Protein chains: 2
Amino acid sequence: MNARPLDRDAATHRGLGAVVIELSAAIVAVSDEAPKTLLVSPADLAPRQGLPYGPFDPAGHRTLEEGLRAWVQEQTALHLGYVEQLYTFGDRFRDPKERAGGPRPVSVGYLALVRQTALKDVGESTWGDWYRYFPWEDWRDGQPALLESLIVPQLMDWLEDAKTKPDRTRRQERINLAFGLGGSAWDNERVLDRYELLYEAGLILEASLDAGQEASPKRAAVQARAGAVLTKDHRRILATAMGRLRAKIKYRPVIFELMAPTFTLYQLQRAVEALSGARLHKQNFRRLVANEGLVVPTGHISDQTGGRPAELFSFRREVVHERPAPGVRVPVKVSKRTT
Amino acid sequence: MNARPLDRDAATHRGLGAVVIELSAAIVAVSDEAPKTLLVSPADLAPRQGLPYGPFDPAGHRTLEEGLRAWVQEQTALHLGYVEQLYTFGDRFRDPKERAGGPRPVSVGYLALVRQTALKDVGESTWGDWYRYFPWEDWRDGQPALLESLIVPQLMDWLEDAKTKPDRTRRQERINLAFGLGGSAWDNERVLDRYELLYEAGLILEASLDAGQEASPKRAAVQARAGAVLTKDHRRILATAMGRLRAKIKYRPVIFELMAPTFTLYQLQRAVEALSGARLHKQNFRRLVANEGLVVPTGHISDQTGGRPAELFSFRREVVHERPAPGVRVPVKVSKRTT
DNA sequence: GAAAGTTATACTTACTTTGAGCATATCATT
DNA sequence: AATGATATGCTCAAAGTAAGTATAACTTTC
């Protein structure tokens with residue numbers, strides 16, 4: 001025990017392999033009732049798209065977050081408001097360059113929220129629908145057909161592939177929990193669990209690419225239907241972002257970072273639905289939002305609706321002081337599930 | 001715009017300043033009704049204690065978490081069960097070696113939970129009471145005297161030091177939110193907010209050490225009473241761990257990672273109280289725990305109590321499948337606060 | 001210009017959960 | 001046997017929730 005050198009810092013500095021720190025941003029907005037994320041496709045990522053990212057520069061960046069903001073501003077001309085760190089990934093071989101002798105990328109993922117107003121494509125960057133990359137996550141029109149027709153059967157194959165009995169049990173458990181099978185309910189926050197499970201089961205194209213192996217034609221056909229591919233581990237970061245955001249809107253008023261300064265209650269509901277991937281009970285939603293004191297009527301009226309004009313509301317900042325966990329309650333409308 | 005080199009990875013590899021990735025673990029256990037954390041005091045950290053940590057080795061470590069587990073095992077002979085990544089910090093000058101030309105440390109903090117049974121000091125490592133480092137966080141015997149006598153007045157001084165009006169307002173807001181003043185309630189999860197505020201206000205010894213300045217004798221006296229010092233930014237990591245854990249016990253059954261295989265409901269309550277830093281309503285606590293199906297009676301009886309023997313329970317793993325967010329509910333007993 | 005469709009919002013009702021407390025059971029100690 | 005400690009059962013009012021119905025205020029269609 002304690003075979004390590006006494007000065008671990010110096011040891012690191014000299015001895016160990018090369019590492020680069022990448023700062024990546026999942027920049028999220030909601031428009032047209034869809035959650036969207038900003039994607040870039042610069043030459044060095046081709047042909048895959050990816051999140052805006054750049055290396056951390058210890059000389060120029062005082063903090064990691066500052067570095068991230070600088071990179072995003074440079075690459076997309078967007079000035080970020082709300083920014084939150086998500087997770088740091090350092091798994092081997094998530095970047096093809098590593099196999100070719102490149103340094104190990106350690107990527108620090110961030111979630112940033114911007115308003116619809118800022119939503120225009122700039123240069124190489126475009127806004128992509130979240131659900132394009134995670135089609136199984138959108139339950140607004142009931143359970144996505146993809147789940148029953150493709151994903152669950154494939155997961156069952158993966159389950160059968162288990163070498164040992166305990167391994168099989170563990171796989172079964174994970175599948176049940178992540179995908180709401182075997183008595184568990186679908187938890188819309190477990191986005192990352194689901195993605196990682198699909199990755200391990202080989203249904204995600206990135207898994208084959210990272211492994212440096214061509215998938216069989218059959219498998220490739222499956223992967224083609226399981227969401228669009230991104231570069232490196234950016235889809236994983238996006239999954240983390242989605243999961244975090246779905247959880248966070250419930251206990252912090254982050255949803256308002258995505259809304260225009262004034263909005264109707266229905267617009268607010270639509271935004272929450274878009275993020276949550278579920279339909280909400282309208283009357284209860286308004287009651288909850290009103291009771292929690294999250295919004296305040298502006299007295300103005302929207303004229304953009306088809307029917308009766310709706311009142312415009314704005315976010316009531318003071319809630320943050322009044323309640324311990326001021327977030328939007330999410331009264332999910334239960335749709336009958338096919339078990 | 002887009003003045004960056006096309007291949008950002010190669011650019012990083014060559015051009016930028018040196019970075020090391022440190023993996024640090026806040027290892028938490030509960031015993032004697034106190035939350036404890038494992039601290040080491042190897043030569044290279046002297047005279048300050050610190051969390052177990054070591055550099056990430058891309059050649060040897062397949063993932064960051066694997067690297068962390070390896071380091072902890074080597075340094076403390078502890079085999080970790082539950083491990084969770086917390087946050088990645090990369091702020092400038094949190095390590096004195098950096099001023100002397102050392103590389104920028106980027107530290108990835110982890111939270112690990114171990115049972116009381118594993119709780120013995122090994123070699124250089126000792127278990128320290130959490131509240132030794134955050135004395136203002138323990139509200140089990142009412143509001144800590146320290147808050148009113150020392151911290152709040154000092155924060156008010158810091159408030160007055162604000163240069164501009166908006167800066168003053170911002171400081172006031174932060175103080176109110178973090179410390180439950182001006183109409184806000186004390187939120188036991190905002191551990192990191194409070195620590196960072198105290199750090200900025202100069203009440204934390206580490207702030208002076210990081211800045212490379214000696215504090216005035218008066219200030220030093222304040223710092224001496226505001227919790228014990230740790231090396232580098234380890235106290236910040238510990239704050240993050242505490243905040244995360246306090247939040248997480250409410251929606252994931254992580255508390256059981258800290259309990260022996262069987263326990264009485266009162267022991268469970270004591271553990272939750274220790275972590276939360278608040279007293280709970282006993283009858284309601286039991287009702288909640290029972291109703292949520294978190295525990296199952298073993299049929300055995302504890303003989304360690306003073307009064308009527310208590311029944312022994314064990315964790316019911318299946319809850320994880322039944323409820324969307326199975327955690328221990330925390331029915332805090334409100335003690336009258338002096339505003 | 002009346003009917004139909006759309007959207008907004010108010011209100012009802014049965015049911016569940018919570019907060020706070022009282023009461024009682026079962027032990028050790030004096 | 002009395003006292004004190006802990007464990008556990010139970011009550012009850014207040015508040016909150018899910019799932020509706022009802023009605024209001026507009027646009028579009030015929």
Side-chain angles (χ1 to χ4, degrees), chain A residues 33 185 250-251 262-273 276 278-314 319 322-336, chain B residues 33 185 250-251 262-273 276 278-314 322-337:
Chain A
E33 307 191 357
K250 292 178 190 160
Y251 62 91
T262 69
F263 45 83
T264 70
L265 292 184
Y266 196 50
Q267 285 169 343
L268 186 66
Q269 180 181 344
R270 286 308 210 185
V272 174
E273 288 180 340
S276 305
R279 288 275 165 235
L280 307 184
H281 188 284
K282 193 188 208 171
Q283 295 91 326
N284 290 342
F285 177 79
R286 347 182 110 245
R287 178 174 45 101
L288 290 171
V289 168
N291 282 2
E292 312 247 321
L294 282 167
V295 295
V296 58
T298 61
H300 294 237
I301 296 288
S302 163
D303 48 0
Q304 317 231 12
T305 62
R308 171 174 167 176
E311 186 162 12
L312 286 167
F313 290 80
S314 61
V319 257
E322 298 165 1
R323 321 192 111 251
V328 171
R329 311 293 301 278
V330 181
V332 174
K333 225 177 199 165
V334 281
S335 56
K336 305 292 163 273
Chain B
E33 305 190 358
K250 292 177 190 160
Y251 62 91
T262 69
F263 45 83
T264 71
L265 291 185
Y266 196 49
Q267 286 169 343
L268 186 65
Q269 181 181 344
R270 287 309 210 185
V272 175
E273 287 180 341
S276 305
R279 289 272 165 240
L280 306 184
H281 187 286
K282 195 190 212 169
Q283 294 91 327
N284 290 344
F285 177 78
R286 327 180 129 253
R287 184 183 44 183
L288 291 172
V289 168
N291 282 2
E292 313 247 321
L294 282 167
V295 296
V296 59
T298 60
H300 295 238
I301 297 290
S302 164
D303 47 2
Q304 318 230 14
T305 62
R308 169 173 171 180
E311 187 161 11
L312 286 167
F313 291 81
S314 63
E322 298 165 2
R323 321 193 111 251
V328 170
R329 310 295 302 276
V330 181
V332 174
K333 224 178 200 164
V334 281
S335 55
K336 303 291 162 271
R337 298 225 10 255

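In this text, all values refer to a predicted model and were calculated from it rather than measured experimentally. The basis for the numbers below is simple: all heavy atoms, side chains too, and nothing from hydrogens, waters or symmetry mates. The sequence lines fix the lettering, A, B, ..., with proteins before strands; numbering per chain opens at 1.
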Quick one: side chain to side chain contact (heavy atoms under 4.5 Å, CB included) partners of B:Leu288, sequence neighbours excluded?
B:Arg329, B:Pro331
Listed by chain and number, what are the salt bridge (Lys or Arg N to Asp or Glu O under 4.0 Å) partners of A:Arg270, not counting sequence neighbours?
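By the salt bridge (Lys or Arg N to Asp or Glu O under 4.0 Å) rule, A:Arg270 matches A:Glu33, A:Glu273.
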Heavy-atom check, side chain of B:Val272 versus side chain of B:Phe285, under 4.5 Å
yes
Minimum heavy-atom separation for [X] and [Y], please, with both atom names.
X	Y	result
A:Val319	A:Gly293	CG1-O, 2.9 Å
A:Arg286	A:Tyr266	NH2-N, 4.4 Å
A:Gly327	A:Leu294	O-CD1, 3.4 Å

Based on the rotation axes of five pairs at each end, what angle does the helix from C:dG1-D:dC30 to C:dT30-D:dA1 bend through, to 10°?
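Answer rounded to 10°: the end axes differ by 10°.
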If I take atom [atom1] in residue [X] and atom [atom2] in nucleotide [N], what distance separates them, rounded to the nearest angstrom?
X	N	atom1	atom2	answer
B:Leu268	D:dT6	CG	C1'	16 Å
A:Ile301	D:dT27	CD1	C1'	16 Å
A:Arg270	C:dA8	CZ	C1'	13 Å
B:Arg279	C:dA20	CZ	C1'	18 Å
A:Phe263	C:dA8	CZ	C1'	16 Å
B:Asn291	C:dT17	CG	P	8 Å
B:Glu311	D:dT8	CD	P	6 Å
A:Glu292	D:dA15	CD	C1'	13 Å

Inter-residue atom distance [X].[atom1] - [Y].[atom2], 0.5 Å rounding:
X	Y	atom1	atom2	result
A:Gln267	A:Leu312	CD	CG	7.0 Å
A:Thr264	A:Glu311	OG1	CD	10.5 Å
A:Arg287	A:Leu265	CZ	CG	13.5 Å

Review item, nucleotides 24-26 of chain C N/O atoms under 3.5 Å of protein N/O:
from: C:dA25; atom 1: N3; to: B:Arg308; atom 2: NH1; distance (Å): 3.2
from: C:dT26; atom 1: O2; to: B:Arg308; atom 2: N; distance (Å): 3.2

Strand-adjacent residues in residues 280-288 of chain A, judged by heavy atoms under 4.0 Å from DNA chain D
A:His281, A:Gln283, A:Asn284, A:Arg287, A:Leu288
So, using ring-ring contact (aromatic ring centres under 6.0 Å, His included) as the criterion, who are the partners of A:Phe263 when residues are at least two apart?
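Expected list: A:Phe256.
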If only atom types and distance count, is the side chain of A:Thr298 paired as donor or acceptor with the main-chain N or O of A:Ser314 below 3.5 Å?
no
